[in-house]
Amino acid sequence: GSNVLRMSSGIQIKPKTAVQKSKTSSPLPCSPEPALKPQPKPSDKLNPKTIDPFGAHSRPPSAFAAIYAKGGIPCRLVHGSVKHRLQWECLPETVPFDPLLVTLAEGLRETKHPYTFVSKEGFKELLMVEGATEKAIPLLPRLVPVLKAALAHLDDEVFGRGLDALVQLSAVVGPSLNDHLKHLLTNLSRRLLDKKFREKITVALQKLEQYGGKVSWPDDYSVICTFECNFA
């Protein structure tokens, strides 16, 4: 009646116990201590078809890419037949916003897959968890410069992601963002010269006032008003 398996070589192998076998694929609570643990197989999170670390002209990985490769982002890209989605390794509401929300905002400047999708979708989904307002407001002094860098980026897609993230953040923190808008408006006014962004920026500004209330716009606002934005 022994559970020990005997191989022909004489080596004894004990079968896995029920505890070892029972693993769940559902998200588990993340421990806030003290930082996110690296995952054993970061290569599983990368897309070898779009990332070639041995390419002749490959550059050193960005800060976001390095953190992602080490398993520091607790979610991964899942390829779907219609669209991609994120799968969190633990419940998003259990993840410390500091530093993950700032890290995801920094990832908005990425231009390679899967970093582009993970940073944009992760930022949005993290802001959707319960209690996001209280968690995000203290991070505004660090988030705003990062979003400013995205809005100043020459890549159109990076700018678009930064603008979307700004609106999403405004919807969560409300008037708390108002004092920081003066740092962002110059970049928005410059992009208004590009016709393909004029309507999107106008809608974004309307939403910023909708979520934040009456805003005391800085001098840059006069530039935007010349494009018939209806705020007064």
Side-chain angles (χ1 to χ4, degrees), residues 16-47 50-51 61-110 112-147 150 161-177 207 211:
K16 293 183 179 180
T17 63
V19 176
Q20 292 172 319
K21 291 180 179 179
S22 60
K23 292 185 179 180
T24 176
S25 59
S26 59
L28 299 175
C30 278
S31 171
E33 316 232 348
L36 300 169
K37 295 182 179 180
Q39 299 301 310
K41 294 183 179 180
S43 59
D44 292 342
K45 298 182 178 183
L46 301 177
N47 188 334
T50 56
I51 300 175
S62 64
F64 181 84
I67 293 172
Y68 184 76
K70 293 179 181 178
I73 309 297
C75 55
R76 63 186 180 89
L77 171 66
V78 176
H79 293 273
S81 56
V82 178
K83 64 178 182 179
H84 303 326
R85 65 180 179 85
L86 284 186
Q87 178 175 311
W88 290 84
E89 297 168 1
C90 53
L91 299 174
E93 55 266 29
T94 66
V95 179
F97 270 44
D98 187 3
L100 183 58
L101 189 64
V102 178
T103 302
L104 290 168
E106 292 172 344
L108 296 172
R109 286 176 285 167
E110 294 289 340
K112 291 183 178 181
H113 184 79
Y115 311 130
T116 51
F117 181 85
V118 172
S119 58
K120 177 182 178 178
E121 190 66 20
F123 187 86
K124 181 180 73 173
E125 292 187 13
L126 201 58
L127 285 177
M128 293 171 61
V129 305
E130 185 177 355
T133 301
E134 294 74 16
K135 296 177 181 179
I137 288 178
L139 298 177
L140 287 178
R142 292 159 58 192
L143 283 170
V144 170
V146 175
L147 292 179
R161 287 193 292 271
L163 188 61
D164 290 340
L166 175 62
V167 173
Q168 292 159 6
L169 182 64
S170 176
V172 172
V173 303
S176 296
L177 185 61
K207 289 183 178 179
Y211 299 138

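Being a predicted model, the structure only gives us computed values, none of them experimental. Heads up: numbering here begins at 1 and tracks the sequence.
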Ion pair Arg142/Asp98, N-O distance below 4.0 Å: yes
Quick one: pull up [atom1] in [X] and [atom2] in [Y] and give me the separation to the nearest 0.5 Å.
X	Y	atom1	atom2	result
Glu121	Thr116	CD	OG1	11.5 Å
Cys75	Leu104	SG	CG	6.5 Å
Phe97	Leu143	CZ	CG	10.0 Å
Leu166	Lys207	CG	NZ	11.5 Å
Arg85	His79	CZ	NE2	11.5 Å
Glu110	Ser62	CD	OG	3.0 Å

Option among Leu169, Val172, Val167, Val173 that satisfies the side chain to side chain contact (heavy atoms under 4.5 Å, CB included) test with Tyr211: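 By the side chain to side chain contact (heavy atoms under 4.5 Å, CB included) criterion, Tyr211 pairs with just one of Leu169, Val172, Val167, Val173: Val167.
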Contact check, side chains of Leu86 and Arg76, non-hydrogen atoms, under 4.5 Å: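 No, too far: nothing below the 4.5 Å cut-off.
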Side-chain heavy atoms of Leu101 within contact of Leu127, under 4.5 Å: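 When only atoms from C-beta onward are counted, Leu127 and Leu101 do touch, with a gap below 4.5 Å.
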Output yes when a side-chain donor or acceptor of [X] lies under 3.5 Å from a complementary backbone atom of [Y], and no otherwise.
X	Y	value
Ser176	Ile137	no
Lys135	Glu93	yes
Thr103	Pro99	yes
Arg161	Leu108	yes

Test log, rule side-chain contact (heavy atoms from CB on, under 4.5 Å), inputs Val129 and Thr94: CA-CA 9 Å; Val129 305; Thr94 66; over 6 Å; no
Parallel, tilted or perpendicular, as decided by the 30° and 60° cut-offs, for the rings of His84 and Phe117: perpendicular
Aromatic ring pairing Phe64/Tyr115, orientation class (parallel under 30°, perpendicular over 60°, tilted between): perpendicular
Compare every heavy atom of [Y] with every heavy atom of [X], then report the nearest pair and how far apart it is.
X	Y	value
Pro138	Pro141	O-CD, 3.5 Å
Gly162	Ala150	CA-CB, 4.0 Å
Gly72	Leu100	O-CD1, 4.4 Å

